[in-house]
A.B. asks: 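My questions all concern the structure below.
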Protein chains: 2
Amino acid sequence: MPRGRAPTYDAQREAILAGAAKLFAERGYSDVSMIEVARACGVSKPLLYHYVRDKDDLLVLICEGHVSRLVELVRETIAEESEPQARLKLMIRRFVEAYAEARHEHRVLTQDVKFLTGAGKARVLAHEREVVAAFADTIALLRPEAGAEGLHKPLTMLLFGMINWMFTWLKPEGELTYEAMAPVVTELFFGGIGAVRSPVTAKKTRRKPTPKETLA
Amino acid sequence: MPRGRAPTYDAQREAILAGAAKLFAERGYSDVSMIEVARACGVSKPLLYHYVRDKDDLLVLICEGHVSRLVELVRETIAEESEPQARLKLMIRRFVEAYAEARHEHRVLTQDVKFLTGAGKARVLAHEREVVAAFADTIALLRPEAGAEGLHKPLTMLLFGMINWMFTWLKPEGELTYEAMAPVVTELFFGGIGAVRSPVTAKKTRRKPTPKETLA
DNA sequence: CCTACCGATCGGTAGG
DNA sequence: CCTACCGATCGGTAGG
């Protein structure tokens, strides 16, 4: 009979993922070596490889763990609040909170996705799409006409832009906190969506380009 | 007597910077080798080193070239339009245009700044600060009370977040164009700033923490 | 302006 | 036989 994993295995692994996330967030996935991850976590390199298959796996585990929690968070919020305005406000507040609690993981997710490959990349992107869709659907309920204008997806991405970009300029040791910024983002977005008038697509139907146009 | 530079030197160098910017934008500064840059530009590696001192220099030249053009653009806009609302609208439109025309350089500037070092980094950051200050000053003219609330800098960064994030999700070959998005960003931001009510700082004056608080 | 190299360090794995 | 873990070193490749 196998002895099974040590009781400390899962905790140790979580500690390694957190330590690696911090290094990746600060210096980027490619510029951090496995020996640096190992040292930062107080383990030898071979022991690090006992917890993760390889460097790619480490990145996937960090990204997937974080994005899975985000998916859970939007599902819970949708289940518990059906009124669109209240739901979107709650989503924004919870997202900013979740990001603040997992700053390093979130930074890795936004800056190092391009290094993901294969099945891991597919899973992470699928989760991201679910999160974006949940926001876009709620915005569509708030502004039904935005859908016909092709606006609710772009509006969603502008909202994500405000939130995601915060983590490049807001320093955690600073006076300005993530909690203080959440209502500012909310007010700016709610105040703004009513004012957006420009349709983003001039045409609804897209012509097939003629061979001449394609070559030009 | 030195022969002096070939008449094609500057053009060749610009072509190299553009080729390198494309590779860096797509795969990140660290993951692109100098031999890859050379091949993409149709030169040998030693010849590449004839145009740039080293890899760091290549990054600095790309970032500084782009950010210098942005500084010029805000200076011109300030000089030619004094009315705050029209000025900010013009700034947003011209920025989105400038970014679209220098997509790769802008991507490098936002994702690879962390690899800059020394004097080059200082120069790039100084230029960035001038650009941010120009936007923040214009927003302060539009909403004077935001200054007292400590809001105009955060509002500026939310605006930059919307614009900068666009370049992570808007694909140039897609139906949705940067030009179509500029008015959407403008309307959302102008509609929203009037609605922001939350002061971001609870206190104006910051107490010195007592030793007890510092240790806790 | 090329081929040919260097010191160093990378991610990953061997034996024990 | 398993796990947990070490010192040492592998084949390749990076920037220069």
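None of the values given here were measured: they were computed from a predicted structure. First the proteins, then the strands, lettered A, B, ... as listed; each starts at 1.
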A.B. asks: Output side-chain donor-acceptor pairs under 3.5 Å for residues 113-121 of chain A, partner residues at least two apart or in another chain, one line each.
C.D. replies:
{"unit_1": "A:K114", "atom_1": "NZ", "unit_2": "A:Q111", "atom_2": "O", "d": "3.1"}
{"unit_1": "A:K114", "atom_1": "NZ", "unit_2": "B:Q111", "atom_2": "OE1", "d": "3.3"}

A.B. asks: What stems, by residue range, does DNA chain C take part in, given at least 3 consecutive Watson-Crick or G-U pairs under 3.5 Å?
C.D. replies: none
A.B. asks: I'd like to check the side-chain hydrogen bond (donor to acceptor under 3.5 Å, both in side chains) partners of A:S30; sequence neighbours left out, ordered by chain and number.
C.D. replies: B:D31
A.B. asks: The criterion is side-chain hydrogen bond (donor to acceptor under 3.5 Å, both in side chains); which residues satisfy it with A:R123, sequence neighbours excluded?
C.D. replies: A:E64
A.B. asks: In whole Å, what is the span from the NE2 atom of A:H50 to the C1' atom of C:dT13?
C.D. replies: 15 Å
A.B. asks: Which pairs, with at least one residue in residues 69-78 of chain A and sequence neighbours excluded, count as a side chain to side chain donor-acceptor pair (under 3.5 Å)?
C.D. replies: A:R75-A:E130, A:T77-A:R94
A.B. asks: For B:F135, which residues count as a ring-ring contact (aromatic ring centres under 6.0 Å, His included) partner, sequence neighbours excluded?
C.D. replies: B:F95, B:F160
A.B. asks: Please report the distance, rounded to the nearest Å, between CG in A:L47 and P in D:dA8.
C.D. replies: 18 Å
A.B. asks: Can you tabulate the close N/O pairs, meaning under 3.5 Å, that link protein atoms to atoms of nucleotides 10-12 of chain C?
C.D. replies:
{"unit_1": "C:dG11", "atom_1": "OP1", "unit_2": "A:V32", "atom_2": "O", "d": "3.2"}
{"unit_1": "C:dG11", "atom_1": "OP1", "unit_2": "A:K55", "atom_2": "NZ", "d": "2.7"}
{"unit_1": "C:dG11", "atom_1": "OP2", "unit_2": "A:M34", "atom_2": "N", "d": "2.9"}
{"unit_1": "C:dG11", "atom_1": "N7", "unit_2": "A:K45", "atom_2": "NZ", "d": "3.3"}
{"unit_1": "C:dG12", "atom_1": "OP2", "unit_2": "A:Y49", "atom_2": "OH", "d": "3.1"}
{"unit_1": "C:dG12", "atom_1": "OP2", "unit_2": "A:K55", "atom_2": "N", "d": "2.7"}
{"unit_1": "C:dG12", "atom_1": "N7", "unit_2": "A:K45", "atom_2": "NZ", "d": "2.7"}
{"unit_1": "C:dG12", "atom_1": "O6", "unit_2": "A:K45", "atom_2": "NZ", "d": "2.2"}

A.B. asks: Could you list the residues that satisfy salt bridge (Lys or Arg N to Asp or Glu O under 4.0 Å) with B:K153, not counting sequence neighbours?
C.D. replies: none
A.B. asks: Once rounded to the nearest 0.5 Å, what's the spacing between atom OH of A:Y99 and atom CD1 of A:I163?
C.D. replies: 6.0 Å
A.B. asks: How would you list, by chain and number, every residue that makes a side-chain hydrogen bond (donor to acceptor under 3.5 Å, both in side chains) with A:H66, sequence neighbours excluded?
C.D. replies: A:H106
A.B. asks: Could you give the OH-to-C1' distance, from A:Y51 to D:dA4, as a whole number of Å?
C.D. replies: 8 Å
A.B. asks: Give the rounded distance in Å between these two atoms: CD1 of A:I16 and P of D:dC5.
C.D. replies: 10 Å
